[in-house]
Structures are given as C-alpha cells and as structure tokens.
Amino acid sequence: MLGASERNAMKNSSLPQARQYEMCQKLVIPYYQRGETEMFKYSFCSFTAMISISIICAATGSNAETVEDKIARAITAAPADVTNAATIMDVDGTILRAGTNGWVCLPGIGLIPGDQHPMCNDAVWMKWMAAAASGTAFSTDVIGVSYMLAGDALVNNDNPMATDPNDGGVWVQDGPHVMMLFPNMEMVADLPRNPFVGGPYVMWGDTPLAHVMLPMEAKQAP
C-alpha cells in the first residue's frame, strides 16, 4: 500500500492518481476477467503508481550530474555501433543528444529511484516502457531488443512489485545482458523461469511486463 509520502508525490505528479487507476483498469481488466486474482489487479495498479513516483524521484536526484556524465554512462549499455548514432535520453524524457538510428539510450532505469544502470532500447522497448509508465496496454507484432551491458539492479524475478530481497522470493542481479520482447510469450513457453539454471530465462512471466533475459556472464544462486 502506498504510504503518505508516496500519496503526496502522486498528487504532485503529472499523472493524477485517478487517471493512473483508470489506465490500470484498462490494462488489468482483461487479465482479471480471465480469472486472475484481485491481488494481481491491485499489485499492477500499485506498480504503475510506483513507476510515476520513481521517475519523479530519479529525475530530482540526478540534477547534480552533468549532461556529459549521463551520456558517458548511457553509452556503456550497448556496443558502439548502436550507441554512436543513438538518441541519448534522460530518465525524465529530456533529450541529451539527438540520434539518427532509432535506438534510445538512457543513463538509468527511471522505474527505480536513483538507478544508474544504463539501457539502450529499440522502438519496441521504448513503447513497452511508455506503456508501463502510463498504465496503458502493451502489445507488439515484432520482437523488441534492449541492451544492458553494464548490468542491472537487484530484482525479484517473479514479482515486479517486490521490494524486500529477504521475502523468500527469487531475486537476481544480472551483469551484462540483453532483454527481448515477443509478440506472444507462448513462443518462449519452454524457457525456464529460474534465472540460475544458465542461458536465457523469463522474467515477470505471469505479468503483462513479461520479457526474456539473455545473460552474458555466469552467475550463482545466492
């Protein structure tokens, strides 16, 4: 449940709470009507609210950094033949450097306050992030690719709402990796949900935010 400070931040955000809930309803109702639980409905709507709060916090906390600092970190997310002509965008949407090749690189993940793990996204992944931030439905007819060659934050592999690494869930922090979106997750139904078995695996598989992780380095289960 959102605390008082989070509710205040929501009131000051550019996306009023009522509007966030309305958009959450549009996304979650189809899942709920197919028999999903009320908890999933609540959790995803709360996750959408957290995203808006996180973007505000990340933008505020990064004011001390220079544009050059942010660009330098953003371009570590992908190979040079991607980043050389990529657009560099701050977590608040500010364009730090215009690009020409359709890729967008960010100095951090705006969904996590203060995060400094850069990513480079194709158009499909930017659409996914916009949908997640606004609570609108996401779909794609083509595969989407995102590079995070500088590593990722510690996250719960099953529940994007989780915040406590000691909750008994499966938590993972990948090093360099690529992420992929698919038009239909049934295409990757045979991939493991366990991030420690080696090779690609599915993250957040039972949510609308499901995607495939392709780690570039070995890791060991905690």
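Each residue takes its place number in the sequence, starting with 1.
Using a 4.5 Å cut-off between side-chain heavy atoms of Ile, Leu, Val, Met, Phe, Trp and Tyr, with links allowed through other members, Val67 and Leu106 fall into different hydrophobic clusters. Cluster annotation: Tyr147 and Ile143 are assigned to the same hydrophobic cluster (Ile/Leu/Val/Met/Phe/Trp/Tyr, side-chain heavy-atom contacts under 4.5 Å, transitive). The cluster map of Ile, Leu, Val, Met, Phe, Trp and Tyr, joined by side-chain heavy atoms under 4.5 Å apart, puts Val155 and Leu209 in the same cluster. No chain of hydrophobic side-chain contacts below 4.5 Å, direct or via other Ile, Leu, Val, Met, Phe, Trp or Tyr residues, connects Trp125 to Leu214.
Residues satisfying the side chain to side chain donor-acceptor pair (under 3.5 Å) test with Asn121, not counting sequence neighbours, are Ser146. Residues that satisfy the ring-ring contact (aromatic ring centres under 6.0 Å, His included) test with Trp171, not counting sequence neighbours, are absent from this structure.
Residues Pro215 and Tyr201 meet the side-chain proximity criterion, which asks for heavy atoms closer than 4.5 Å. Counting heavy atoms from C-beta outward, Val104 and Asp122 have side chains that stay 4.5 Å or more apart. Annotation: side chain of Leu191 is in contact with side chain of Val212 (closest heavy-atom distance under 4.5 Å). In this structure, the side chains of Pro79 and Leu149 come closer than 4.5 Å at one or more pairs of heavy atoms. Proximity of Val145 to Val178: side-chain heavy atoms (C-beta onward) are separated by under 4.5 Å at one or more points. Within the 4.5 Å cutoff, the side chain of Lys219 has heavy atoms near those of the Phe196 side chain. Counting heavy atoms from C-beta on, the side chains of Met185 and Val202 come closer than 4.5 Å. Within the 4.5 Å cutoff, side-chain heavy atoms of Asp167 are placed close to those of Asn156.
Without hydrogens or angle criteria, Thr94 side chain to Asp90 main chain gives no donor-acceptor distance under 3.5 Å. Using modelled atom types, no side-chain atom of His117 and backbone atom of Asp115 make a donor-acceptor pair closer than 3.5 Å. The main-chain N or O of Ser139 is found under 3.5 Å from a side-chain atom of Lys127 such that the two form a donor-acceptor pair. A donor-acceptor pair is defined here as one N or O able to donate and one able to accept, closer than 3.5 Å; no such pair exists between the side chain of Glu217 and the backbone of Asp174. Of the possible polar contacts, none joining the Arg97 side chain to the Ile88 backbone as a donor-acceptor pair under 3.5 Å is found.
Looking at every heavy atom in both residues, Gln173 comes nearest to Asp152 through NE2-O, 3.0 Å. Across every non-hydrogen atom of Met119 and Met148, the tightest pair is CB-CG, 3.7 Å. Counting all heavy atoms, side chain and backbone alike, Ala85 lies closest to Asn101 at O-OD1, 3.1 Å. Minimum heavy-atom separation, Ala86 to Val82: CB-O, 3.4 Å. Between Cys120 and Ala74, the shortest heavy-atom contact is SG-O, 3.9 Å. Of all heavy-atom pairs between Asn157 and Pro195, the closest is ND2-CD, 3.9 Å.
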(request) Run the numbers on Trp103 and Thr87 for side-chain contact (heavy atoms from CB on, under 4.5 Å), then give the verdict. (result) CA-CA 6 Å; Trp103 289 90; Thr87 295; over 6 Å; no
(message) Applying side-chain contact (heavy atoms from CB on, under 4.5 Å) to Ile109 and Val91, what does each step give before you reach the verdict?
(response) CA-CA 7 Å; Ile109 305 171; Val91 294; over 6 Å; no
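Going from atom CE of Met213 over to atom NE2 of His177 covers 3.5 Å, rounded to the nearest 0.5 Å. Rounding to the nearest 0.5 angstrom, the gap separating the CD1 atom in Ile75 from the CG atom in Asn84 is 7.5 Å.
Using a cut-off of 4.0 Å between Lys/Arg side-chain N and Asp/Glu carboxylate O, Asp158 and Arg193 are scored as not salt-bridged.
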